[in-house]
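Below is one structure, written out as structure tokens; comments come after it.
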Amino acid sequence: MRKENVVVERVFMSSNHFTLFGIEPAFNISFDELEKKYIELSKTDINERESKSMENINKAYQVLKSPLKRAEHLLDLFDVKSKKEHLDPEILNESMEIREYFLDCDDLQFASRMIDEKVKDCTKNLINAFATKNFDEAATQVFRLRYLYKSFEEIKENAASSNF
Amino acid sequence: MVNKAGNVEIFKDEQGRELLPSVISYEKDVLKVGYDVGENAICSIKRLMGKSVKDLHKEGINCEIDNESEKVIRVKCSEEKYLTPIEISAEILKTLCKRVKKFTGMKVNKAVITVPAYFDDSARNATKYAAKLAGIDVLRLINEPTAAALSYSIEKNNNSGIYAVYDLGGGTFDISILKLHQGVFQVLAVGGDTKLGGDDFDHLLSLIVLEKYREQVGLNKKCSSVIPVWDPESLIASEHTRKLYNKNWIPVSSTAPSDTTTYKLQHSYTKTGICNIRAIKEYLSEDTSGTFEFSINGELFKCKITKEEFEQAISPLVNKTINIVTRTISNIDLKIDDIKGVILVGGATRVPLVQNSLIKLFGNKVLNDVDPDKAVANGAALQAHYLTSNSKDRNILLDVLPLSLGIETMGGIVEKIIPRNTPLPVSEIKEFTTYANGQTAMKIHVCQGEREMIKDNKSLARFELKGIPQLPAGSAKVEIGFTVSIDGILTVTAREKTTGVEQTVKINSSSGLNEEDIQDMVNQSVSNFDEDMKARSLAEAKINGNKLIHLVENVSTEQKLKILLQNAKDALQENDLDNINNAISELENSALELCESADR
């Protein structure tokens with residue numbers, strides 16, 4: 001990678017992914033709308049081999065598509081500092097419960113449904129938090145979502161390995 | 001070739017055949033590609049692309065390689081000839097180029113080359129080098145399932161919805177989930193197994209025969225090859241539903257096929273053992289059983305094989321592919337119901353068990369009205385056409401990274417930098433720090449795969465970033481950047497932030513060849529003719545030398561000759577033509593002198 005590319009990359013990293021897609025910065029966005037924009041943008045990117053913009057389009061798409069990354073990006077945009085030191089005891093409790101539950105659970109489908117419910121609840125809270133501009137609550141829910149995703153990945157992996 | 005009407009025409013060879021099997025053989029310095037190959041033909045070379053000798057041992061791939069080199073795989077093609085997988089692939093590409101040249105008089109300069117979607121970075125690089133070696137500039141590497149989807153969509157004028165492409169070729173298995181938008185092919189996820197294919201079915205079939213042979217003969221003897229012998233009389237087709245694609249079978253009589261038509265194998269198809277086994281597999285795809293005759297260890301052996309036996313043998317492999325399919329779909333949070341259609345690609349999808357298993361999973365959504373042998377080639381041709389013709393309504397292929405990329409951190413644990421199924425091109429930067437106080441260099445080990453531990457993944461490259469300023473542990477900041485091109489090829493940069501010390505690596509180390517090696521090989525192939533002549537002279541000199549040694553040993557026990565004999569034998573162990581010639585001619589002269597003096 002040439003030097004100037006690195007610079008371009010870094011400027012971009014602090015930029016706004018919503019602007020690139022022409023979407024108002026919000027947590028609650030329509031996936032269909034996002035995907036439609038993504039396809040439109042990739043079509044206009046004419047010289048796909050040389051172009052750096054396709055990389056940016058892909059990056060923005062990956063961020064906006066994922067509820068977690070989208071929420072983190074929004075917090076970044078609103079300049080909300082994450083409070084890593086201050087762990088919410090409720091979230092900690094929840095994640096401990098999930099972990100314990102997995103240890104002696106053999107119905108992986110049930111487990112994944114349970115997490116799915118929790119993810120939905122968390123997403124709902126995030127929608128509310130962002131809508132009411134309650135960024136502290138949003139940051140807390142982002143933290144929770146991160147935990148939930150991680151557990152979800154673990155079940156998926158377990159499910160995959162038990163298939164064989 | 002895309003004709004004026006926008007349809008793809010496939011170039012045929014002189015015998016009117018469209019397909020070129022990717023097998024080669026090297027016998028008596030004669031290279032044959034595709035058809036009429038010798039007994040020790042090499043197939044499934046795709047599996048070895050980008051692999052190192054270590055990978056072979058790790059993955060238990062069985063092939064005869066030269067044991068001298070530790071890194072580069074050289075496959076044994078004949079007693080004297082060892083070739084790298086890259087060279088073998090290049091030969092196959094060259095044969096295709098020759099066909100085009102013969103047909104059109106034009107040289108192939110640029111090409112779109114397809115690869116299994118599940119190919120890792122080093123296999124993709126190896127493919128690019130093979131093209132370079134064959135004198136082709138790669139316009140773009142595209143994934144085979146994507147190409148198939150492109151051809152399907154154009155052919156059927158169907159351009160929306162989520163499709164799965166199930167691609168089971170001779171050597172590899174691929175599954176891709178694509179979403180078709182108007183003119184944009186968005187790959188959502190890929191999965192697969194680069195060590196599973198139709199060739200494994202063939203292998204299992206020959207094991208069935210061996211098993212039956214052992215049962216009857218009661219031997220624990222090792223039988224290396226099973227060569228079917230064809231007796232047209234014993235093969236009576238129970239039905240005449242043989243479809244046209246099964247061109248390897250021709251009716252014995254010239255009358256229209258009936259229930260009792262006897263089929264025999266086309267002559268060209270009966271030469272190699274593995275192809276013959278494949279023909280039995282094709283036979284069993286349409287008939288429930290057949291009696292076949294084989295030659296094992298030089299003995300004739302006749303046995304009946306039923307479709308059931310064959311299906312039982314291959315079902316673990318078929319199930320494995322089905323598991324990969326369901327996992328790939330659930331990994332991106334889709335359900336079976338979300339899939340609008342399943343496109344079948346690759347010759348091995350003709351095996352009824354494969355089709356039935358897919359129908360069990362997807363119901364009537366399995367589309368088998370696409371020619372599994374040509375869909376990929378058609379798609380690639382269309383893409384090459386779009387890329388070179390500047391037409392406005394061209395199709396856009398949005399592919400993804402098939403396997404996660406990461407680097408090794410302390411304790412051999414992998415830190416993923418780019419997860420799999422990320423759309424390409426992509427670039428990602430992560431920051432790492434030093435582990436020890438005053439550490440001035442950092443070893444960077446790049447790998448690809450889904451496992452947690454580095455040793456379970458494919459190692460792509462190792463390099464060292466030097467010149468890190470002496471700082472307490474954890475204070476230096478090293479940025480590692482991964483960029484993956486649209487072809488799926490990775491470039492890694494490492495940069496120390498305070499000093500700006502930077503290093504860039506293109507990854508191609510694991511195939512054991514560096515840029516120079518490849519350039520050498522390219523140059524070599526230009527002067528290929530000379531090289532081949534040399535190889536032939538060497539082979540001839542060795543044969544003649546051995547004859548002479550044998551002769552002299554038999555007729556004389558003269559002390560003087562013994563030394564020369566030893567010299568000649570030593571020289572024959574090496575590959576230096578001059579040395580061999582010298583030693584042999586000395587031996588010859590002395591032997592002649594002796595003979596003359598004895599005559600006198």
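Quick note on labels: first sequence line is chain A, next is B, and so on, each numbered from 1. What you see is a predicted model; the values in this text were computed from it and never measured.
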Exercise. Taking it one step at a time, do A:M54 and B:L398 satisfy side chain to side chain contact (heavy atoms under 4.5 Å, CB included)?
Worked result: CA-CA 10 Å; A:M54 196 58 213; B:L398 303 173; 3.6 Å; yes
Exercise. Rounded to the nearest 0.5 Å, how far does CD of B:E428 lie from CG of A:N58?
Worked result: 11.5 Å
Exercise. Can you name the nearest heavy-atom pair linking B:S427 to A:K59, along with the distance?
Worked result: O-NZ, 4.2 Å
Exercise. Just wondering, more than 12 heavy atoms not from A:E24 lying within 6.0 Å of its CD?
Worked result: no
Problem set entry | Minimum-distance pair of heavy atoms, taken over all atoms of A:Q62 and B:P423 | OE1-CD, 3.2 Å
Exercise. So what's closer than 4.5 Å to chain A heavy atoms on B:S330: side chain, backbone, both or neither?
Worked result: backbone
Seminar exercise, completed: With B:H181 as partner, the option from A:E35, A:E40, A:K36 fulfilling side chain to side chain contact (heavy atoms under 4.5 Å, CB included) is A:E35
Seminar exercise, completed: In terms of heavy-atom pairs under 4.5 Å with chain A, the winner among B:N319, B:V426, B:V484 is B:V426
